[in-house]
Amino acid sequence: MARSETPTRPERPHARRKREDPPTPQPITTSRKRATRQPAAQPPRAHARPPFYDFAAFEQRWSEEWEARGLYRVDIDHPRKPYYNLMMFPYPSAEGLHVGNVYAFVGSDIHGRWMSMRGYDVFEPMGFDAFGIHSENFAIQRGEHPASLTARNVARFRETQLKRIGNRFDWSHEVNTTDPGYYRWTQWIFTQLFRMGLAVRKTGVVNWCPNDRTVLADEQVINGHCERCGALVERRALPHWALRITHYADSLLDNLDALDWSERVKAAQRNWIGRSYGVEFSLPVAGRVELGVAVFTTRPDTIFGVTFVVLAPEHPLVDEITTPERRGAIAAYRTEAAARRVARQQARDRDVDEPATPPTGVFTGAYAIHPMTGEQVPIWVADYVLMEYGTGAIMAVPAHDERDWAFARAMGLPVRFVVQPVGEISAPDAPYTGEGVLVTSEQYTGQGSREASEAICVWFEESGTGRRMARYHLRDWLISRQRYWGPPVPIIYCPEHGAVPVPEDQLPVRLPDLEDYRPSGTGGSPLARIESFVNTTCPVCGQPATRDTDVMDNFLDSAWYFLRYPSSDDDAHPWNPERTRTWLPVNMYIGGAEHSVLHLLYARFITMAMHDAGLLDFEEPFTHFRAHGIIALAGKKISKSKGNIVNPDDYINTYGADTLRLYLMFMGPYEQGGEFSDKGVAGAVRFLERVWRLGERDLAAGAPSRDAKRALHQVIRKVSDDTAGLRYNTAIADMMRYSGELEERAMFTREEMTTLLRLMAPYAPFISEEIWHRVGEHGSVHEQPWPEVDEAALRADTVAVVAQVNGKTRGVMTLPTGATEAQAFEAAQALEAVRRALRGQPPIRAIYIPDRLINLVTG
RNA sequence: GCCGGCGUGGCGGAAUGGUAUACGCGGCGGUCUCAAAAACCGCUGCCCUCACGGGCUUAAGGGUUCGAGUCCCUUCGCCGGCACCA
């Protein structure tokens with residue numbers, strides 16, 4: 001949302017996990033890539049001629065008329081058939097809405113308009129994700145306060161851009177995350193999470209962005225870089241608040257199966273949550289039985305192949321077990337490993353393929369006792385084991401793991417094969433990482449990998465020395481930000497009562513109006529400098545206390561905004577229970593795939609937590625989600641840093657909003673995106689002009705002819721199906737084709753004209769309405785029912801049947817509908833081309849698909 | 001390496017296992033014009049042929065089928081997600 005790349009964030013079109021895009025060219029950027037200075041934007045490149053009709057006049061007129069009539073305002077309390085059509089609200093940047101936003105919003109609006117014509121009360125709200133570091137940094141650069149800057153950007157977005165693109169927004173439910181009436185509830189949600197034990201105070205190593213001078217969540221670090229500015233993230237120990245999203249790891253993963261979401265987004269979430277099942281157990285340290293090395297493995301079947309144990313360099317046990325004579329070597333290695341970690345990250349930044357460096361490590365001098373064999377195996381320290389994953393230590397099985405193999409080879413450690421591939425001899429000079437049959441594994445010898453894994457897990461459980469468990473890639477969501485432009489963390493620290501949430505009746509904790517709101521860079525936030533803010537009293541005992549001085553991650557703002565829209569005017573609840581029952585969960589959510597593991601994951605988490613708090617009666621906020629595609633220009637993603645921004649205003653001014661809508665949707669499949677070429681705009685102009693001219697012709701009264709009616713219902717069928725499936729490009733293609741067909745006729749009826757206008761209404765709302773009235777119709781075209789397909793009208797007397805010989809098409813015949821095989825056979829053989837292809841050979845077989853084709857096979 | 005998706009004219013892209021290249025852009029030719037633009041009409045995958053006609057073509061190779069862009073296998077390439085994940 002705020003952070004969105006394609007749809008809402010100009011500087012990084014998509015690919016949130018890819019560092020390729022240089023950071024926004026802000027002066028304070030310390031980024032690793034040259035901030036390619038580009039001309040701000042390319043001039044409007046008007047290759048096509050503007051339409052001949054006066055779009056500016058009627059687009060303005062209809063906007064006003066619709067607003068005056070409240071055409072898009074739903075009856076929020078008493079809808080007959082509620083349908084919540086949601087799109088990702090934008091972050092109001094200084095650059096303005098860009099064409100990627102318009103692409104996202106128009107595609108979603110077509111869906112909403114279509115559902116509305118099908119009789120639903122469609123709620124299509126819009127709002128602004130206006131808190132965040134981006135606004136704050138821009139404000140710093142301009143020397144202006146973020147509040148005034150944000151207010152101006154919001155006004156520009158709403159009045160000069162969003163209101164002109166032709167969407168059926170219900171502005172009476174606008175939300176703005178910087179409004180105290182909104183962030184009051186963001187803070188309230190935090191206090192609920194605190195009471196549930198889902199918001200916890202931690203001190204530990206965190207991701208620190210030196211450029212933005214704040215900590216970041218795991219999801220906001222892309223290959224070691226700040227998701228926002230691209231600076232290399234450092235590791236620092238800082239106290240912070242974390243939301244325990246990991247508590248919901250299983251639900252977040254398992255619920256995905258039942259959600260109707262774009263597959264690529266579900267796949268990304270599965271990868272990110274990254275669950276793996278295994279067993280965790282402890283290996284006692286020889287001679288120090290009070291100590292144990294906890295390890296996690298997904299392959300218990302390889303346990304008899306353990307020949308050594310490895311600890312991560314930062315592992316706390318290292319100091320305890322290292323023998324005195326090994327201490328020097330270990331200390332040196334730890335220093336070296338830390339340096340290598342940084343160097344490796346920098347190599348990745350330069351997109352240099354890391355040379356396959358030989359593994360490194362040092363022996364601790366200590367030994368661990370194998371829990372099943374009692375054998376002693378050496379304990380090493382090596383940096384191929386990561387402190388961040390699992391227990392920070394591993395049981396090494398060089399025979400059956402690539403990395404352990406490489407390490408054993410380099411260090412001269414023994415290798416013991418205990419799993420054999422079925423039906424073949426394993427190569428003795430390479431690890432075998434697949435499953436197979438166990439050998440030299442005591443009582444498990446002869447069992448298959450699966451069976452043995454299960455039995456070994458049971459052994460651990462029964463002996464009380466280990467337990468089955470799942471490990472996840474997902475980490476808790478760190479939400480403290482040492483910045484200014486966000487909702488303050490609603491916590492008060494009392495010497496006696498510790499961290500106390502601010503009581504509900506004292507919310508919001510208002511963000512004070514600061515003159516100097518720049519981040520300090522010391523790990524403290526700007527709010528810490530304001531004594532009147534910091535000093536307060538404990539809500540429990542009334543004694544002097546201090547406030548938390550951080551603000552919350554602005555992804556928390558957007559993690560619940562969809563709950564607020566229907567209740568935006570309710571001051572007593574974050575979401576009105578009655579309205580929430582009526583409108584939620586969201587029926588259709590359309591947005592960018594770059595939010596797969598950011599906004600979309602956070603929103604699911606908050607919804608689950610509020611469900612567990614008894615505050616919502618559903619677990620999943622979005623039953624249907626569709627990821628739209630990306631717009632490219634000359635083969636490159638549209639991105640501010642590439643200097644190829646396309647400004648939608650220019651196109652709306654020159655060609656009208658309908659033309660831009662049509663063109664954008666015609667570029668390619670909506671879920672795939674496409675190539676923006678403003679030469680292509682001419683096609684949209686010509687199409688709309690053609691329909692305009694059709695509207696100026698004399699319309700015949702009465703019903704269309706049978707053939708005309710069939711053609712009409714064919715286009716209804718095609719446009720209906722394609723609109724339903726978000727295949728807007730092919731729906732438009734068929735309307736273009738049909739309008740050309742009408743144009744060639746000497747005469748067509750009112751029914752045909754008005755039906756075409758109804759089909760076009762979701763796509764080109766202004767011109768459809770204008771022509772609707774010009775041909776003398778009443779009411780709004782947008783209040784008309786969507787045309788129904790008349791199946792009977794689709795049936796024809798004759799049909800084109802293809803004649804093939806041995807699978808090759810040799811001709812086309814016109815046959816009566818439902819012709820028999822004998823008729824088709826005879827007709828096919830009468831064709832000159834068929835006779836030639838048969839070369840006098842009689843067909844030995846015929847495949848007949850009625851009304852489709854006949855294939856004569858000579859054998 | 002694992003996971004998700006994709007590969008079709010000069011370009012964006014169409015095709016429930018059944019006439020591949022719809023629709024649009026661009027290009028070429030024509031009409032109109034003193035001329036140009038716009039508009040309108042026609043042609044436009046590749047090869048052979050004056051023509052009639054024929055052959056080939058959906059990244060490459062194989063398979064299933066009467067028939068494959070579509071289904072299956074192998075390989076290559078592109079986009080996206082994850083990644084010393086134990």
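Computation of the quantities below employed the complete heavy-atom set of this structure, encompassing side-chain atoms and omitting hydrogens, waters and symmetry-equivalent molecules.
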Asks: Expressed as a whole number of angstroms, how long is the span from A:Phe687:CZ to B:G12:P?
Replies: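 Going from A:Phe687 (CZ) to B:G12 (P), I get 23 Å.
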
Asks: Over all strands shown, is A:Pro669 touching base, sugar-phosphate only, or nothing at heavy-atom distances under 4.0 angstrom?
Replies: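 Counting heavy atoms under 4.0 Å across all strands, the contact made by A:Pro669 is with sugar-phosphate only.
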
Asks: Using the C1' atom as the point on both nucleotides, what is the distance between B:A37 and B:U49, in whole Å?
Replies: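 Here B:U49 and B:A37 have their C1' atoms 39 Å from each other.
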
Asks: How many Å lie between CG on A:Leu256 and C1' on B:G81, as a whole number?
Replies: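 The distance from CG of A:Leu256 to C1' of B:G81 comes to 14 Å, rounded to the nearest Å.
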
Asks: Return the pairing partner of B:A14 with a 3.5 Å limit on both distances, Watson-Crick or G-U wobble; otherwise return none.
Replies: none

Asks: In whole Å, I'd like the distance from the CG atom of A:Asn806 to the P atom of B:U65.
Replies: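 Rounding to the nearest Å, CG of A:Asn806 and P of B:U65 are 16 Å apart.
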
Asks: Could you tell me how far apart A:Lys266 (NZ) and B:G5 (C1') are, to the nearest whole angstrom?
Replies: 15 Å

Asks: Examine B:G54: is either OP1 or OP2 under 4.0 Å from a nitrogen or oxygen in the side chain of A:Arg836? Give yes or no.
Replies: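 Affirmative; the distance criterion is met.
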
Asks: Does the structure show a Watson-Crick or G-U wobble partner for B:G1, both distances under 3.5 Å? Name it, or say none.
Replies: B:C82

Asks: Are the side chains of A:Arg737 and A:Ile732 in touch, meaning some heavy atoms are under 4.5 Å apart?
Replies: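 No; the side chains remain at least 4.5 Å from each other.
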
Asks: Within the 4.0 Å heavy-atom criterion, would you say A:Arg727 contacts the bases, only the backbone, or no part of the nucleic acid?
Replies: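 A:Arg727: no heavy atom of the nucleic acid under 4.0 Å.
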
Asks: Assuming nearest nucleotide by heavy-atom distance, tell me which of A:Ala267 and A:Met387 is located more 5' along RNA chain B.
Replies: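 Checking each residue's closest nucleotide, the 5'-ward one belongs to A:Ala267.
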
Asks: Distance between the P atoms of B:A35 and B:G30, in whole angstroms?
Replies: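 Each nucleotide's P atom is 13 Å from the other's.
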
Asks: Considering only atom C1', compute the distance from B:C41 to B:C46 and round it to an integer number of Å.
Replies: 27 Å

Asks: Can you give one letter per nucleotide of nucleotides 16-29 of chain B, 5' to 3': B if a protein heavy atom sits under 4.0 Å from the base, S if only from the sugar-phosphate, - if neither?
Replies: B-BBS-BBSSS---

Asks: Can you tell me the distance, in whole Å, between the OH atom of A:Tyr277 and the C1' atom of B:A86?
Replies: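 About 17 Å, once rounded to whole Å.
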
Asks: Could you work out the separation of B:G69 and B:U16 based on their C1' atoms and round it to a whole Å?
Replies: 14 Å

Asks: Between B:G4 and B:G53, how far apart are the P atoms? Round to whole Å, please.
Replies: 50 Å

Asks: When all nucleic acid strands are considered with a 4.0 Å heavy-atom cut-off, which category describes A:Lys808: base, sugar-phosphate, or nothing?
Replies: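 Here A:Lys808 touches the backbone only, sparing every base.
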
Asks: Rounded to whole angstrom units, what separation is found between the CZ atom of A:Arg49 and the C1' atom of B:A38?
Replies: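 My rounded result for the distance is 7 Å.
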
Asks: Are A:Asn855 and A:Tyr848 close enough that a side-chain donor and a side-chain acceptor fall under 3.5 Å?
Replies: no

Asks: With a 4.5 Å heavy-atom cut-off, do A:Arg299 and A:Val397 have their side chains touching?
Replies: no

Asks: Touch check for A:Arg270, heavy atoms < 4.0 angstrom, all strands: base, sugar-phosphate only, or nothing?
Replies: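 No contact at all - A:Arg270 keeps every heavy atom at 4.0 Å or more from the nucleic acid.
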
Asks: Distance check, P atoms only: B:G9 and B:G63, in whole angstrom units.
Replies: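 Rounded to whole Å, the distance is 24 Å.
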
Asks: Looking at side-chain heavy atoms only, is the closest gap between A:Arg340 and A:Thr360 below 4.5 Å?
Replies: yes

Asks: Which nucleotide, if any, forms a Watson-Crick or G-U wobble pair with B:C43, using both distances under 3.5 Å?
Replies: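 Because both required distances fall under 3.5 Å, B:C43 counts as paired with B:G27.
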
Asks: Do the ring planes of A:His628 and A:Tyr670 sit parallel (below 30°), tilted (30 to 60°) or perpendicular (above 60°)?
Replies: tilted

Asks: Under 3.5 Å, is there a donor on one side chain and an acceptor on the other for A:Thr723 and A:Tyr763?
Replies: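 There is such a pair between these side chains.
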
Asks: Please compare A:Glu263 and A:Gly673 by the position of their nearest nucleotide in RNA chain B and report the one closer to 5'.
Replies: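 Checking each residue's closest nucleotide, the 5'-ward one belongs to A:Glu263.
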
Asks: Considering only the C1' atoms, how many Å lie between B:G10 and B:U21, rounded to the nearest integer?
Replies: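 One C1' to the other, the span is 13 Å.
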
Asks: Give me the distance, rounded to whole Å, that separates B:A14 from B:U31 when you measure between the C1' atoms they each carry.
Replies: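 My reading of the C1' atoms in B:A14 and B:U31 gives 31 Å.
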
Asks: Does A:Phe666 reach the side chain of A:Tyr728, with side-chain heavy atoms less than 4.5 Å apart?
Replies: no

Asks: Whole angstrom is fine here: how far is it from CG in A:Leu474 over to P in B:G81?
Replies: 18 Å

Asks: Can you tell me whether the base of B:G9 sits syn or anti, using the 90° cut around 0 to define syn?
Replies: syn

Asks: If the plane angle is over 60° it's perpendicular, under 30° parallel, otherwise tilted; pick one for A:His599 and A:His595.
Replies: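 Plane angle over 60°, so perpendicular.
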
Asks: Check the angle between the aromatic planes of A:Phe676 and A:Tyr663 and answer parallel, tilted or perpendicular using the 30° and 60° thresholds.
Replies: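 Perpendicular: the ring planes of A:Phe676 and A:Tyr663 meet at over 60°.
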
Asks: Pairing check on B:U74: which nucleotide meets the Watson-Crick or G-U wobble criteria with it, both distances under 3.5 Å?
Replies: B:A60

Asks: Tell me which nucleotide, if any, is Watson-Crick or G-U wobble paired with B:G69 when both distances must be under 3.5 Å.
Replies: none

Asks: Could you check which of B:G81, B:A86, B:G4 has an atom nearest any side-chain atom of A:Asn271?
Replies: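 So the nucleotide nearest the side chain must be B:G81.
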
Asks: In whole angstroms, how far is the P atom of B:C78 from the CZ atom of A:Arg264?
Replies: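 A:Arg264 atom CZ is separated from B:C78 atom P by 20 Å.
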
